[in-house]
Amino acid sequence: MPRTIPRFALYGEAATPGQEMLHIEEVQSRSQLYRWEIDPHLHQGLYQVLWLWRGAASVQLDEWKAEVDGPAAIVVPPGVVHGFRFAPGTDGRVLTLSARFFVEGDFQAAGEAFRALFAGPGVVHFSPEEVGTQRLHALLEALSAEFALPGSAGSPVVQWLARSVVWRLARASEQGRREGSGLAHGHQALFTRFLLLVEEHFLEHWPMERYASRLGLSIQRLNRMVRAESGRSALDLVHERLTREACRRLVYIAAPAASLAHELGFEDPAYFSRFFKRRTGMSPQRWRQAQQTKL
């Protein structure tokens, strides 16, 4: 028995704190390598849905265990110890993603669905005869096919399909029968709420005290919760989001860096330049020039 619970990105692959991911694969592509058994492990900062289309699996979600027949969706938030033993020949998909794909931009409905679906671990059961089940499976197959295309990394089609899958699963979870969701994992829901607050207010440069207050936490508890889920501090996640927005605007908006600094909530352009260089290793002007040479 291992002395610590293994932490992976995808099963068997080393985890990287703060890793961003949107990945989908067939159940058998990985489980066959391990004789259809995935030992208990956890993911840090990554959310996972196992779509069990045909076949069966013994499922462990922390202390909860059950035998699950397809079609069913097994929902695994970050930090939940989970393991599976599949019946040979089981058909399904494993969707792995980080929260930023659902909390950035004008995707309020997708963000709310994401928060609802991953509020806790559990199993959502489906009837194979229902039209909604067939549509969900078709969406997952379309997502798999699009993901497999060369150059699909960052494709908006992949992200739209993934958001559609999460939205449908959240609706099904709300309307249907869900097992295991009574497990006490309120920190996953709090983490997703924190990410949604960051998306809504990062341009306002909220202090950490305000984020913590809105979540009913002390700053110390906020940092402990965020670090457990992502491997980074709460402030680092806010700064990372602000840096990504700065990078996007420097590429796509032909305005002076000083003007963009004000749009990003920095009163002093010089302070923005220091902040950006500390995060990226380049000044805003040099970073913009470097990106233009790649286009």
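What you are looking at is a predicted structure, and each value in this text was computed from that prediction instead of being measured.
Looking at heavy atoms from C-beta onward, Arg30 lies out of side-chain contact with Val94 at the 4.5 angstrom threshold. Between Ser155 and Phe147 the shortest side-chain heavy-atom distance does not fall below 4.5 Å. Side-chain contact between Asn223 and Ile219: present, with at least one pair of heavy atoms (C-beta onward) separated by less than 4.5 Å. Looking at heavy atoms from C-beta onward, Arg54 lies out of side-chain contact with Thr90 at the 4.5 angstrom threshold. Inter-residue side-chain proximity for Val226 and Leu237 is flagged as met; some heavy-atom pair is nearer than 4.5 Å. In this structure, the side chains of Glu245 and Leu260 stay at 4.5 Å or more apart for every pair of heavy atoms. Between Tyr47 and Val75, every side-chain heavy-atom pair lies at or beyond the 4.5 Å cut-off. Contact check for His23 versus Leu97: no side-chain heavy atoms found under the 4.5 Å cut-off.
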Assess the residue pair Phe114 and Leu195 against the criterion (side chain to side chain contact (heavy atoms under 4.5 Å, CB included)); give the C-alpha distance rounded to whole Å, side-chain angles, the decisive distance to 0.1 Å, and a yes or no. CA-CA 11 Å; Phe114 184 91; Leu195 292 175; 5.6 Å; no
After noting the C-alpha distance and the side-chain angles of Arg241 and Glu199, does the key distance pass the side chain to side chain contact (heavy atoms under 4.5 Å, CB included) rule? CA-CA 8 Å; Arg241 178 65 183 98; Glu199 181 61 24; 2.8 Å; yes
Walk me through it: do Val49 and Val76 pass the test side chain to side chain contact (heavy atoms under 4.5 Å, CB included)? CA-CA 6 Å; Val49 172; Val76 187; over 6 Å; no
Stepwise, does the side chain to side chain contact (heavy atoms under 4.5 Å, CB included) test hold for His43 with Thr96? CA-CA 10 Å; His43 305 290; Thr96 306; 5.7 Å; no
Test His262 against Phe272 for ring pair (Phe, Tyr, Trp, His ring centres under 6.0 Å), laying out the working first. CA-CA 9 Å; His262 288 292; Phe272 167 66; 9.7 Å; no
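Taking both residues in full, the closest heavy atoms of Ala170 and Ala113 are given as CB-O, 3.5 Å, listed atom of the first, atom of the second, then distance. The minimum heavy-atom distance linking Leu222 with Leu217 is given by the pair CA-CD1, 4.0 Å. The two residues Phe86 and Ser31 have their closest heavy-atom pair at CD1-CB, 3.8 Å. Taking each heavy atom of Trp51 and Ala73 in turn, the nearest pair found is CE3-CB, 4.0 Å. The two residues Leu22 and Ala162 make their nearest non-hydrogen contact at CD1-CB, 3.9 Å. Scanning both residues, Ser233 and Arg227, for their nearest heavy atoms gives CB-NH2, 3.3 Å.
Taking CZ of Arg274 as the reference point, atom OG of Ser283 lies at 13.0 Å (rounded to 0.5 Å). Rounding to the nearest 0.5 Å gives a distance of 9.0 Å between OG1 of Thr243 and CZ of Arg278. Between the CZ atom of Arg214 and the CZ atom of Arg210 there is a distance of 7.0 Å, given to the nearest 0.5 Å. Atoms CG and CZ, on Leu264 and Phe275 in that order, are 9.0 Å from each other to the nearest 0.5 Å. With rounding to the nearest 0.5 angstrom, the CD atom of Glu200 is 6.5 Å from the CG atom of Leu197. The distance from the NE2 atom of His137 to the CG atom of Asp91 is 6.0 Å, given to the nearest 0.5 Å.
The main-chain N or O of Glu25 is never found under 3.5 Å from a side-chain atom of Ser29 such that the two would form a donor-acceptor pair. Ser173 places no side-chain N or O within 3.5 Å of a backbone atom of Leu169 that could act as its donor or acceptor partner. Under a 3.5 Å cut-off, the side chain of Ser259 and the backbone N or O of Ala255 do not form any donor-acceptor pair. Of the possible donor and acceptor atoms, none in the side chain of Asp69 sits under 3.5 Å from a partner among the backbone N and O of Ala56. Within the 3.5 Å criterion, the main-chain N or O of Glu129 finds no donor-acceptor partner in the side chain of Thr133.
By the side chain to side chain donor-acceptor pair (under 3.5 Å) test, Arg93 is found to be paired with Ser144, residues two or more places apart in sequence or in another chain being considered.
Side-chain contact check for Gln60 and His82: no donor-acceptor pair (N or O, by modelled atom type) lies under 3.5 Å. His201 and Glu204 form a side-chain donor-acceptor contact under 3.5 Å, judged by distance and modelled atom types alone.
Note on Ile253: it clusters hydrophobically with Leu250, by side-chain heavy-atom contacts below 4.5 Å among ILVMFWY residues. When hydrophobic clusters are built by joining Ile, Leu, Val, Met, Phe, Trp and Tyr residues whose side-chain heavy atoms come closer than 4.5 Å, directly or via intermediates, Leu149 is not grouped with Val158.
A salt bridge links Asp236 with Arg279: the distance from a Lys NZ or Arg NE/NH1/NH2 to an Asp or Glu carboxylate oxygen falls below 4.0 Å.
Aromatic pair Trp53/Phe126: centroids not less than 6.0 angstrom apart.
Checked options Phe202, Phe194, Phe191; the residue passing with Tyr211 is Phe194 (criterion: ring pair (Phe, Tyr, Trp, His ring centres under 6.0 Å)).
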